[in-house]
Amino acid sequence: MNMIASSAKIHPASVVEDGAAIGENVKVGPFCHIGPNVVLGDDVELLSHVVVIGRTTIGKGTKIFPGAVIGGDSQSVHHSAVDTTLVIGENCTIREGVTMNTGTVEHGGTTVVGNNNLFLAYSHVAHDCRLGNNIILSNNVMLAGHVTVEDRAILGGGSAVHQFTRVGKQAFIGGLSAVSYDVIPYGMLNGNPGVLSGLNVVGMTRAGIDRPVIHAVRRCYKQIFEGSESIRANAAAIRDEYLDCPPALEILDFIAAESDRALSSPNRGGKG
């Protein structure tokens, strides 16, 4: 039996399967398909020709444009018949043709998308990805499985991110870039293969980070990538210098964390 709030408006040309839960003030336009295990939070809007299937939960105020397919099975060759989940946060905008897949049992079973994110046309979020808040995926961005994207990162059109890669907080990925290795918070990466090309100073300034702090982060960046030892050894050696500089500390902690991928650097042949 459907659980549909009385204030929801569902076009008669759409299909809502038994078991779906539809919140207050939800709007479902024509020719949409909502599966039996879907939960649409209050004020969600599906414009038309939207497919939401799988065990998918969509948070309050999210708006989805025509042609999007949300909650499809993972495209992993290891996908099993066991139901897995996709959780999308509040106030996201999901444009035309976007695809997002549920997780895989082998890796926790859940794909997670945070709040206030913008997904432009035909971008893809694969199985078991973890996305934070206030992220922008431009047109045709491709995230492979198990990718982590932290808050306020921006990925330019046509960029592709290798599986298990981390994209740090407020990083900026240039259009058509190939992201094969982890990108530090506040880093800028361009090219194919992707090369770290400095810090996202414009983004840091727009986020309200003071100029002296930005200068400190720049100094930290140079010490990390121009030091005499490996990137990780350089980062570990200077950590105590930056205990009072949160952005620099975020970069150093990101580098120190365990990861399945190496680190992007300004020099493709640089030491990890």
Side-chain angles (χ1 to χ4, degrees), residues 92-100 113-114 116-126 129-209 211 213-215 217-222 224-226 231 235 247-248 250-252 254-255 257 259-272:
C92 292
T93 298
I94 300 173
R95 294 300 304 251
E96 295 83 357
V98 170
T99 51
M100 297 185 183
V113 173
N116 305 304
N117 295 314
L118 174 59
F119 300 89
L120 297 186
Y122 299 99
S123 53
H124 174 66
V125 178
C129 285
R130 298 286 188 273
L131 276 63
N133 305 316
N134 300 293
I135 292 163
I136 299 175
L137 266 60
S138 301
N139 293 6
N140 299 297
V141 169
M142 297 169 284
L143 303 185
H146 316 282
V147 165
T148 298
V149 182
E150 296 183 353
D151 295 351
R152 299 179 64 86
I154 297 175
L155 283 75
S159 57
V161 184
H162 191 285
Q163 64 180 351
F164 292 101
T165 297
R166 299 177 297 152
V167 177
K169 177 180 177 180
Q170 212 166 312
F172 184 92
I173 308 301
L176 301 177
S177 294
V179 187
S180 298
Y181 304 113
D182 292 349
V183 182
I184 61 169
Y186 309 102
M188 292 187 66
L189 183 135
N190 290 281
N192 182 0
V195 175
L196 202 62
S197 55
L199 293 170
N200 181 16
V201 173
V202 172
M204 297 172 76
T205 301
R206 289 174 177 172
I209 298 175
R211 182 62 58 179
V213 175
I214 293 175
H215 288 323
V217 177
R218 277 177 158 165
R219 184 172 66 253
C220 176
Y221 178 93
K222 292 187 69 172
I224 292 168
F225 293 105
E226 297 179 13
I231 293 170
E250 287 169 350
I251 294 172
L252 297 170
F254 182 94
I255 292 171
S259 178
D260 293 292
R261 306 296 296 167
L263 286 158
S264 297
S265 78
N267 179 356
R268 293 190 196 115
K271 296 167 286 187

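For clarity, every value in this text was computed on a predicted model and none was experimentally measured.
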All N/O donor-acceptor pairs, side-chain side in residues 132-146, below 3.5 Å, sequence neighbours left out:
from, atom 1, to, atom 2, distance (Å)
Asn133, OD1, Asn115, N, 2.7
Ser138, OG, Leu155, O, 3.0
Asn139, OD1, Ala121, N, 3.3

(message) To the closest 0.5 Å, what do you measure between CZ (Phe119) and OG1 (Thr93)?
(response) 9.5 Å
(request) Would you indicate whether Tyr221, at its atom OH, is surrounded by more than 12 heavy atoms from other residues, nucleotides or ligands within a distance under 6.0 Å? (result) yes
(message) Tell me the closest heavy-atom pair linking Pro247 and Val213, and the distance in Å.
(response) CG-CG1, 3.8 Å
(message) For Thr165 versus Ser180, what's the shortest heavy-atom pair and its separation?
(response) OG1-O, 3.7 Å
(request) Answer yes or no: is there a donor N or O on one side and an acceptor on the other, between the side chain of Arg166 and the main chain of Phe254, under 3.5 Å? (result) yes
(request) Decide, yes or no, whether a salt bridge links Glu250 with Lys169 under the criterion of side-chain N to carboxylate O below 4.0 Å. (result) yes
(request) Start with the C-alpha distance between Ile173 and Ile154, add both sets of side-chain angles, then the distance that settles side-chain contact (heavy atoms from CB on, under 4.5 Å), and finish with yes or no. (result) CA-CA 6 Å; Ile173 308 301; Ile154 297 175; over 6 Å; no
(request) Kindly write out the residues that satisfy salt bridge (charged side-chain N to carboxylate O under 4.0 Å, His left out) with Glu96, not counting sequence neighbours, or none if the list is empty. (result) none
(message) Minimum heavy-atom separation for Val195 and Pro266, please, with both atom names.
(response) CG1-O, 3.3 Å
(request) Indicate whether the side chain of Thr99 and that of His124 have a donor and an acceptor atom separated by less than 3.5 Å. (result) yes
(request) Looking only at non-hydrogen atoms, find the nearest pair between Val217 and Ala248 and report the distance. (result) CG2-N, 3.9 Å
(message) Tell me the closest heavy-atom pair linking Ser177 and Gly174, and the distance in Å.
(response) OG-O, 2.8 Å
(request) Would you name the heavy atoms of Leu176 and Asn192 that are closest together and state the gap between them? (result) O-CB, 4.3 Å
(request) Using the side-chain contact (heavy atoms from CB on, under 4.5 Å) rule, take Ile224 and Leu252 through it: C-alpha gap first, then chi angles, then the decisive distance, then the call. (result) CA-CA 9 Å; Ile224 292 168; Leu252 297 170; 3.7 Å; yes
(request) Could you walk me through whether Ser259 and Asp182 pass the side chain to side chain donor-acceptor pair (under 3.5 Å) test, one step at a time? (result) CA-CA 8 Å; Ser259 178; Asp182 292 349; 2.5 Å; yes
(message) Any side-chain to backbone donor/acceptor pair from Asn116 onto Cys92? Under 3.5 Å, distance only.
(response) no
(message) Using 0.5 Å steps for rounding, measure from the OG atom of Ser123 to the CE atom of Met100.
(response) 6.5 Å
(request) Would you give the length of the straight line joining atom OG of Ser197 to atom CE of Met188, rounded to the nearest 0.5 angstrom? (result) 5.0 Å
(message) Please report the interatomic distance CG(Leu196) to OG(Ser265), rounded to the nearest 0.5 Å.
(response) 7.0 Å
(message) If you define the side chain from C-beta out and look only at heavy atoms, does anything of Pro185 sit under 4.5 Å from Glu150?
(response) yes
(message) Return the OH to CD1 distance between Tyr186 and Ile251, rounded to the nearest 0.5 Å.
(response) 7.5 Å
(request) Would you check if Val98 and Tyr122 make a side-chain contact, meaning some heavy-atom pair closer than 4.5 Å? (result) no
(message) Would you say CZ of Arg218 has more than 12 non-hydrogen atoms from neighbouring residues, nucleotides or ligands within 6.0 angstrom?
(response) no
(request) Hey, could you give me the CZ/CG distance between Arg152 and Asn117, rounded to the nearest 0.5 Å? (result) 11.5 Å
(request) State, with a plain yes or no, whether a side-chain heavy atom of Ile184 is found less than 4.5 Å away from one of Phe225. (result) yes
